[in-house]
Every structure is written in structure tokens, then in C-alpha cells.
Amino acid sequence: MKKLFVLAAAVTAAALLAGCTKKAAPDNSLEELKSRGEFVLGLDDSFPPMGFRNETDEIVGFDIDLAKEVAARLGVNFRAQPINWDAKEQELATGNIDCIWNGLTITEDRLASLSFTKPYLNNAQVLVVRKDAGIEKLEDLAGKTVGIQAGSSAADALDAAEDFKKSLKGVVEFKDNILALNDLEIGGVDGVVMDLIVANYAIAASGKPFSVLAEGLAPEEYGVAFRKNDVKLTDAVQKILEEMKADGTVEKISTKWFGSDITVIGQ
């Protein structure tokens, strides 16, 4: 019995030692992507101006233009892959996409499980309301209903604003912000929590009678997310973005979509 116990202990110790000395899998992310010859970007294709379908059903947008140039400088083809935004991390983990690049907010939880570039845009979570609703500040939404995109950082911002959320009558989740804004227009919800950059673009492009409350919920930053171990690919994309900033390419793309260079690349 004692011999068996000693043997079992030795086996266990050897297994633990092997586990401790086992080397991490090599990071071949950049080499594998170049060998495959294609850079696949995962996105919500109804998120203007970052990535969306135009009148001819082509996927376009600020993030798309940036990523296409990055792919060209990597020497590979580019493909925009629409995904269920609520399952974006799973799409990345299973290898269906190479990155999530679509106005993705950098959060502590996401940093723990994903590899991010440095921020390339500053943003904020804000409330969009109808101009004729008489809503001028957050407290005016007490007892009313707001909408959010499922799986978006709007939900995180709303959860963090505990007192504000408790004051609401209810929260309605939508597949995307366009549906949420359509519901706002017909009075289904009283406000929509969404990205400031997206809200401003949507209001300007549609001409609908919406306004953004001056009082926001939370500041945030956009980054490009890769699988946690794909550090070489992350670093390569970051390096190219900084080169694009230095040679004026980023300014040209940003001006096309926003009227000026609003990026924070290299800052």
C-alpha cells in the first residue's frame, strides 16, 4: 500500500513538472495569415460609418477602408465577413475570422481574453432621443424605455450606470442600432444608448429628428481585436496603422468619412 502511494505521488509530481515545463505554443499568426493569403475581418454589417452595406449592397465604411489598406500592405487579400455581433468572440475563437474590426470598444473583460491594438478612435456611449420628446438630460428618461444593440458596449455602459438603469421602465435589445433607431422614430422606445460616432453619423446621414444628449454615459476607445495568442499579427497591424498615420493615409480616410482626422493612432 505504501509503495503504491509513493509511486502514485511520483507519477503526479512528474506530471506536474511536465506541465510546468511545457512550452507555450509558438505564435505563427502572422506567418499563417500570409501563407493563407487572406485577411478576414468580422463585423456587424449594419454599423455605419464603421462598416455597413451601401445602396448597391457593398460593404463599406471607415473601418473597412482602413483594413483594406492594412491587408494590401500585408500582401494579402481582404474579405469582410458579416457575423452575429452577439457571438463575435466565438467567431474569432473558432477561426472563422482573423479579427473583430468594427467599432469594437476596448474593455477590461475583453483585454483579458483578446489581443488588442492600441486605440485608434475615441468614442463615448450616449443617449439618442427624439427632438420633440422634451428630453434634455438623463434624468428626463426616468420611467421610460431605452433600446440597445445586443452584445454591444452600450449594455456595459448601461449596467455601469446603475442609478440611471434603475430609473428606467425597461431596456429593449435590438439586433442592430438601425433597428433601434427605427423603433425610436415611431415611439417604441424613448431613447437609444449607442456610440457617439455612430449616432452623429446616423443623424447627419438620415436627417431624422433625433438629438444626442450632452450628458453621456461613458467614454471609451475603439481597438482591433485578435485571438489572445495572435500577438505577432496584432503587432504587425499596429505597426502598419502607425505607418499609415505617418504617411497621411489615415488622415485621407478619416477625412472622407468624418470631415477631418479624428483618429488617435500614435498618440
Side-chain angles (χ1 to χ4, degrees), residues 38-74 76-88 91-92 96-106 116-126 128 148-154 174-182 192 194-208 210 212 220-226 237-238 240-241 244-245 248-265:
E38 185 179 50
F39 184 48
V40 184
L41 176 151
L43 80 158
D44 163 15
D45 61 355
S46 56
F47 197 63
M50 313 312 288
F52 63 103
R53 292 186 183 274
N54 63 13
E55 61 278 0
T56 62
D57 206 38
E58 178 188 7
I59 297 177
V60 298
F62 172 72
D63 281 341
I64 301 301
D65 285 352
L66 281 183
K68 280 183 176 179
E69 180 63 22
V70 167
R73 297 190 186 201
L74 283 170
V76 297
N77 295 323
F78 170 82
R79 176 160 60 93
Q81 177 61 55
I83 58 174
N84 179 348
W85 195 248
D86 205 21
K88 53 190 173 295
E91 293 278 358
L92 186 61
N96 291 337
I97 56 177
D98 295 309
C99 70
I100 306 169
W101 193 340
N102 192 212
L104 182 68
T105 300
I106 301 171
F116 269 94
T117 62
K118 296 176 183 177
Y120 65 94
L121 274 181
N122 288 331
N123 186 47
Q125 287 299 320
V126 296
V128 179
I148 60 172
Q149 180 183 14
S152 70
S153 56
F174 295 88
K175 181 177 180 292
D176 55 57
N177 285 314
I178 293 176
L179 292 176
L181 290 174
N182 288 341
V192 175
M194 60 188 297
D195 300 63
L196 175 61
I197 288 174
V198 178
N200 286 337
Y201 183 87
I203 293 171
S206 69
K208 292 182 178 180
F210 298 147
V212 177
E220 54 185 38
E221 298 171 319
Y222 285 163
V224 186
F226 300 82
V237 171
Q238 177 64 40
I240 291 174
L241 285 173
M244 290 168 56
K245 178 77 169 186
T249 303
V250 167
E251 181 180 6
K252 181 179 179 181
I253 294 172
S254 183
T255 301
K256 169 185 173 181
W257 291 101
F258 303 115
S260 64
D261 187 1
I262 66 170
T263 68
V264 295
I265 298 170

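Quick note: numbers below take in every heavy atom, side chains included, and nothing from hydrogens, waters or symmetry partners. This one's a predicted model, so the numbers in the text were calculated from it and none came from an experiment.
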Using modelled atom types only, decide if a donor and an acceptor are shared between the side chain of Asn54 and the backbone of Thr56 within a distance under 3.5 Å.
-> yes
If we only count heavy atoms from C-beta on, is the Ile148 to Val192 side-chain gap below 4.5 Å?
-> no
Between the NZ atom in Lys118 and the CD atom in Glu221, the distance rounded to the nearest 0.5 Å is 12.0 Å
Where Trp85 and Ala150 come nearest, the two heavy atoms and their spacing | CD1-O, 4.2 Å
Residue pair Trp257 / Asp65, side-chain donor-acceptor N/O under 3.5 Å = yes
Closest non-hydrogen contact found for Asn77 with Ala71 is O-CB, 4.2 Å
How many angstroms lie between atom OG of Ser152 and atom CZ of Phe174, to the nearest 0.5 angstrom?
-> 12.0 Å
Phe47 and Asp195 have their tightest heavy-atom pair at CZ-OD1, 3.7 Å
So, Ser254 side chain and Ser260 main chain: donor-acceptor pair closer than 3.5 Å or not?
-> yes
Considering non-hydrogen atoms only, spot the tightest contact between Ser153 and Thr105 and give its length.
-> OG-OG1, 3.0 Å
Any side-chain heavy-atom pair from Trp101 and Phe39 closer than 4.5 angstrom?
-> yes
Identified side-chain contact (heavy atoms from CB on, under 4.5 Å) partner of Ile100 from the options Val224, Leu41, Leu43, Leu92 | Leu92
One should read off an interatomic distance between Lys245 NZ and Leu66 CG, to the nearest 0.5 angstrom, of 10.5 Å
Only residue of Asn122, Asn123, Leu121, Thr255 satisfying side-chain contact (heavy atoms from CB on, under 4.5 Å) with Ile262 is Leu121
Side chain to side chain donor-acceptor pair (under 3.5 Å) contacts touching residues 39-52 (sequence neighbours left out) | Asp44-Ser46, Asp44-Gln149, Asp45-Arg53, Ser46-Asp176
Side chain to side chain, Ile197 and Tyr222, heavy atoms closer than 4.5 Å = yes
For Glu69 and Thr249, test the side chains for any donor-to-acceptor distance below 3.5 angstrom and give the result as yes or no.
-> no
Taking the side chain as every heavy atom from C-beta outward, state whether Ile83 and Asn96 have any pair of such atoms under 4.5 Å apart.
-> no
Could you list the residues that satisfy side-chain contact (heavy atoms from CB on, under 4.5 Å) with Pro48, not counting sequence neighbours?
-> Phe52, Ile178, Tyr201
Is atom NZ of Lys208 surrounded by more than 12 heavy atoms (other residues, nucleotides or ligands) closer than 6.0 Å?
-> yes
Nearest atoms (heavy-atom pairs only) where Ala199 meets Val128 | CB-CG2, 3.7 Å
Check: Met244 and Ile265 side chains under 4.5 Å, non-hydrogen atoms | no
Minimum heavy-atom distance Ala80-Ile64, with the two atoms named | CB-CD1, 4.3 Å
From CG (Asp98) to CD (Glu38), nearest 0.5 Å | 7.5 Å
Would you call Asp261 and Val250 a side-chain contact if the rule is heavy atoms closer than 4.5 Å?
-> yes
Is Phe210 close to Leu181 at the side-chain level, that is, under 4.5 Å between some pair of heavy atoms?
-> yes
Output yes when a side-chain donor or acceptor of Thr263 lies under 3.5 Å from a complementary backbone atom of Tyr120, and no otherwise.
-> no
